[in-house]
Amino acid sequence: MLDITKIKKDFPVLENNSNLTYLDSAASSLKHRKVIQALDNYYEKIGVNVHRGVYKLSYQATDLYEEARSKIAKFINSDFEEVIFTRGASQALNLVASSYGEDFIFAGDEVITTELEHHSSCLPWIRICNKKKATLKYVPLNQEGRITVEAFKSVLSEKTKVVAITHVSNVMGYITPIKEIIRLAHSVGAVVILDAAQSVPHMKIDVKDLDCDFLAFSGHKMLGPTGIGVLYGKRKLLEKMQPIEFGGDMADLVLKDNATYKDIPYKFEAGTPIIAEAIGLGVACECLEEYGMENISNHEHRLCQLAMKLLANVDGVTVFNKTCETGVIAFNIDGVHPHDAASVFDKNDVCIRAGHHCAQLITRWLGQVSTLRASFYLYNTEEDVFKFVNTVIEARDFFRQFM
Ligand code: C6P
């Protein structure tokens with residue numbers, strides 16, 4: 001069991017905003033004190049570039065940056081060279097599509113994706129498929145809006161070359177049965193790109209056990225800094241892929257009309273890297289490990305279930321996800337525009353998200369233009385759940401007067 005009273009003290013934003021009920025961690029989590037300290041430490045005591053300087057401070061910066069890569073590799077059980085630093089999950093997913101998609105997708109090939117995708121997962125492949133005259137197929141969702149293995153089988157074929165799929169939906173919180181999907185995709189020789197932006201922060205991820213080919217996530221959703229993310233890729237795939245950005249620190253030999261590039265991961269990290277943020281993300285991984293990923297999943301799952309149970313007794317509210325698999329509740333107050341409802345939450349210092357959550361396909365599938373989303377994380381409490389549910393009731397009653 002997590003000691004939430006103690007944990008809350010690890011998050012300065014909660015200390016500085018004593019009345020805050022933060023239920024928007026799926027958008028961005030709060031930042032751990034040790035992460036902030038790591039950023040301060042780098043900027044105050046080191047502050048110089050990596051891989052370039054031939055002086056002690058630069059060696060220290062390089063050591064911290066590469067140590068962070070090791071920590072992240074350990075966190076997801078990959079090899080060191082298979083961790084590429086990016087600006088976030090979006091850039092990581094775009095990197096794979098732009099590099100692998102440009103060189104290994106041809107006319108007549110098939111790519112599979114789903115309506116549960118965040119735009120960062122499906123848009124890069126919509127573009128590649130249009131450009132290459134490949135066919136983009138969507139896994140039909142079941143009645144609850146889930147991806148099932150059976151439905152995946154119905155679109156898989158010998159022509160499938162890529163599967164671009166979410167591990168956990170940012171709108172519904174559903175967990176994709178990914179191990180079986182990966183096994184099936186591999187049986188026809190397809191590669192699987194897993195959008196793990198909403199899973200890595202909340203559950204133990206082992207890329208070797210999953211056997212995924214690529215995996216993308218963002219630091220800012222897992223107690224870490226903004227502006228940093230990771231693309232994991234299997235070594236043998238990364239080695240055959242071309243860089244998509246060219247510049248400092250990624251070239252080996254440069255001639256007037258050609259060049260060779262460094263080995264992975266560096267050929268994909270052109271220019272001065274995101275140093276402080278990478279160091280911060282390494283520390284965030286350590287913090288998560290210290291709390292225990294299983295403890296985190298159990299805690300947020302418990303809060304989510306409590307919220308769902310209480311909401312089931314509130315009439316005039318539609319909850320879109322049928323079960324709590326992670327810490328996400330997608331809902332609307334009947335007849336009330338989500339942005340209007342969100343203003344009541346804001347008045348009560350309850351932070352939730354309203355909108356299409358950069359996932360228009362699933363929002364449309366639900367027959368909505370936008371939804372409300374509450375997302376729980378390790379620093380939330382039962383009191384937060386009660387305040388959330390009371391605010392739902394308050395918002396419903398307030399807008400009912402005008403109906
Ligand atoms: N979802 C949300 O509120 P970036 O913005 O690059 O850090 O992450 C993109 C991304 C990719 N995949 C999934 C499943 C995501 O949830 C996100 C980010 C936020 O749901 C912001 S739209």
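Whatever order the structure lists them in is the order used to number ligands and atoms, beginning at 1.
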- Got a sec, which residues hit disulfide bond (SG atoms under 2.5 Å apart) with Cys129, two or more places apart in sequence or on another chain? none

- Message: Determine whether the aromatic ring centres of residues Phe246 and Tyr261 are separated by less than 6.0 angstrom.
- Response: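 So the answer is yes for these two rings.
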
- Task: Compute the centroid of each ring, for Phe376 and then for His301, and state whether the two points are separated by less than 6.0 Å.
- Result: no

Got a list of side-chain donor-acceptor pairs under 3.5 Å for residues 305-319, not counting sequence neighbours?
{"unit_1": "Asp315", "atom_1": "OD1", "unit_2": "Arg396", "atom_2": "NH1", "d": "3.2"}
{"unit_1": "Asp315", "atom_1": "OD2", "unit_2": "Arg400", "atom_2": "NH2", "d": "2.8"}
{"unit_1": "Thr318", "atom_1": "OG1", "unit_2": "Asp334", "atom_2": "OD1", "d": "2.7"}

- Item | Distance-minimising heavy-atom pair for Met293 and Lys204 | CB-N, 3.7 Å

Donor-acceptor pairs are to be reported for all side-chain atoms of residues 221-231 against protein atoms at under 3.5 Å, with residues two or more places apart or in another chain.
{"unit_1": "Lys221", "atom_1": "NZ", "unit_2": "Ala26", "atom_2": "O", "d": "2.9"}
{"unit_1": "Lys221", "atom_1": "NZ", "unit_2": "Ala27", "atom_2": "O", "d": "3.1"}

- Message: As a test of reading the model: which residues have a non-hydrogen atom less than 4.0 Å away from ligand 1?
- Response: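 Around ligand 1, where the cutoff is 4.0 Å for heavy atoms, the contacting residues are Ala26, Ala27, Ala89, Ser90, His118, Ser120, Asn170, Asp195, Ala197, Gln198, Ser218, His220, Lys221, Arg353, Cys358, Arg373.
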
